[in-house]
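Read through the structure below, which is laid out as structure tokens, and then see the notes.
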There are 2 protein chains.
Amino acid sequence: MDKKSKSLSKNQKIILDFIQKNKKPVKAYSILSNVQKKGINAPPQVYRALDRLIEIGKIHRVESQNSFVACKISNCDTPHETVFSICNSCEIVSEINDPKLFKHLKAFKDNDGTKFDGYNLEFFGTCKSCINKQIENIQY
Amino acid sequence: MDKKSKSLSKNQKIILDFIQKNKKPVKAYSILSNVQKKGINAPPQVYRALDRLIEIGKIHRVESQNSFVACKISNCDTPHETVFSICNSCEIVSEINDPKLFKHLKAFKDNDGTKFDGYNLEFFGTCKSCINKQIENIQY
DNA sequence: AAAAATTATGTTATAATATAACATTATATT
DNA sequence: AATATAATGTTATATTATAACATAATTTTT
């Protein structure tokens with residue numbers, strides 16, 4: 001039985017559940033304050049669960065935001081090969097599922113011929129919704 | 001005159017100079033302790049200079065490490081389009097200069113047709129030197 | 001050159017993010 | 001049942017980053 005199919009512990013379930021309920025990525029201390037009523041009291045309990053959930057691919061860390069988001073790719077088996085688009089304005093994050101791009105990145109070798117065992121790619125821009133809001137707010 | 005050609009301020013010079021002297025990325029508080037003899041006393045002075053140096057493309061932030069590294073691409077005019085390879089073992093970072101990959105990433109559009117104005121890509125693996133060390137250390 | 005605007009500096013305090021270390025309990029494996 | 005592994009609970013502390021304010025230097029405009 002591999003790590004993915006092992007059942008989650010109590011704290012891991014509570015924290016995964018909270019992350020999955022949120023459309024936007026959540027911060028560790030926001031998780032903490034939201035699960036305190038479930039008996040999780042201190043940062044290490046949160047960070048441990050986060051580490052484990054990342055390891056098994058249930059969530060990802062959004063590096064540029066220090067935040068955590070549920071994996072949107074069903075049966076994801078590549079937790080360390082991630083691509084996100086991030087809106088500079090509302091900070092919403094979408095996981096990008098583009099097999100062609102994945103293939104291209106997976107095949108990448110550097111000058112030395114070093115092959116990599118993972119990557120994280122974050123695209124930055126302004127999402128449609130925020131562009132529309134900007135247009136609405138132009139004053140004539 | 002654009003931002004790039006503006007001359008740097010005193011603190012910006014001191015901090016850029018220190019970052020450029022280091023092969024590996026450096027952390028903000030390591031910068032601070034190393035430039036205190038030059039009269040830089042407090043974190044905000046470091047972070048302000050870092051922000052500015054990033055903005056003008058002289059340095060980049062390595063997101064997965066909370067560290068800062070000098071830009072290795074001469075006359076870089078795309079400070080928000082960065083690709084790095086990072087050794088999981090020694091944490092050395094190399095900036096990747098691969099026009100074909102850049103072109104591919106620059107051209108990327110998501111499902112909604114959103115075009116992005118920047119990206120950061122970090123590849124993870126084990127560098128040649130660390131692989132060699134591992135081989136040397138195998139005990140028979 | 002004087003006035004105004006912008007950019008950078010210096011400083012103190014504090015916020016936000018993350019881990020070390022240790023004792024204990026629960027769960028899986030042999 | 002014994003052992004090993006993984007998870008928990010807890011306190012304290014380390015690390016990373018920013019807010020807020022006063023001042024000084026530099027650039028731009030008049």
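These numbers come from a predicted model, not from an experiment. First the proteins, then the strands, lettered A, B, ... as listed; each starts at 1.
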(request) Quick one, give me the B/S/- string for nucleotides 14-26 of chain D, reading 5' to 3', where B means a protein heavy atom under 4.0 Å from the base and S means that only happens at the primed atoms, P, OP1 or OP2. (result) --BBBBB------
(message) Tell me every residue that passes side-chain hydrogen bond (donor to acceptor under 3.5 Å, both in side chains) with A/S67, counting only those two or more places apart in sequence or in another chain.
(response) A/Q65
(request) Considering just the side-chain nitrogens and oxygens of A/Q45, establish if one lies under 4.0 Å of OP1 or OP2 belonging to D/dG9. (result) yes
(request) Grab the CG-P distance between A/N11 and C/dA26 for me, whole Å please. (result) 13 Å
(request) Can you tell me the distance, in whole Å, between the NZ atom of B/K10 and the C1' atom of C/dT7? (result) 15 Å
(message) Distance check needed: C/dA18 C1' versus A/I54 CD1, whole Å only.
(response) 12 Å
(request) Report yes if at least one side-chain N or O of B/S9 is closer than 4.0 Å to OP1 or OP2 of C/dT7; otherwise report no. (result) no
(request) Measure from CD1 on A/I15 to C1' on D/dG9 and round the result to the nearest Å. (result) 13 Å
(message) Per the salt bridge (charged side-chain N to carboxylate O under 4.0 Å, His left out) rule, what does the pair list look like for residues 59-68 of chain A, sequence neighbours excluded?
(response) A/R61-A/E63
(request) Say whether, by atom type as modelled, one donor and one acceptor occur between the side chain of A/D110 and the main chain of A/D112 under 3.5 angstrom. (result) yes
(message) In this structure, how many angstroms lie between the C1' atom of C/dT7 and the CD1 atom of B/I56, rounded?
(response) 13 Å
(request) Mind checking ring pair (Phe, Tyr, Trp, His ring centres under 6.0 Å) for A/H80 and listing every partner two or more places apart, or none if nothing turns up? (result) none
(message) OP1 or OP2 of C/dA8 versus the side-chain N and O atoms of B/K13: is any pair under 4.0 Å?
(response) no
(request) Please state how far atom NZ in B/K38 lies from atom P in C/dT9, giving the value in whole angstrom units. (result) 15 Å
(request) Considering just the side-chain nitrogens and oxygens of B/R52, establish if one lies under 4.0 Å of OP1 or OP2 belonging to C/dA8. (result) yes
(message) Applying ring pair (Phe, Tyr, Trp, His ring centres under 6.0 Å), can you list everything that pairs with B/F108, at least two apart in sequence or on another chain?
(response) A/F123
(request) Figure out the CG/P separation between A/N41 and D/dA12, and round it to whole Å. (result) 14 Å
(request) Indicate whether any N or O donor in one side chain lies under 3.5 Å from an N or O acceptor in the other, for A/T126 and A/N88. (result) no
(request) Once you apply the 3.5 Å cut-off to both distances, tell me the Watson-Crick or G-U wobble partner of C/dT30, or none. (result) D/dA1
Which atom pairs, one a donor and one an acceptor, fall under 3.5 Å between side chains of residues 34-43 of chain A and the rest of the protein, sequence neighbours left out?
| residue | atom | partner | partner atom | Å |
| --- | --- | --- | --- | --- |
| A/N34 | ND2 | A/S30 | O | 2.7 |
| A/K37 | NZ | A/N34 | O | 3.3 |

(message) Whole angstroms only, please: what is the CD1-P distance between B/I40 and C/dG10?
(response) 7 Å
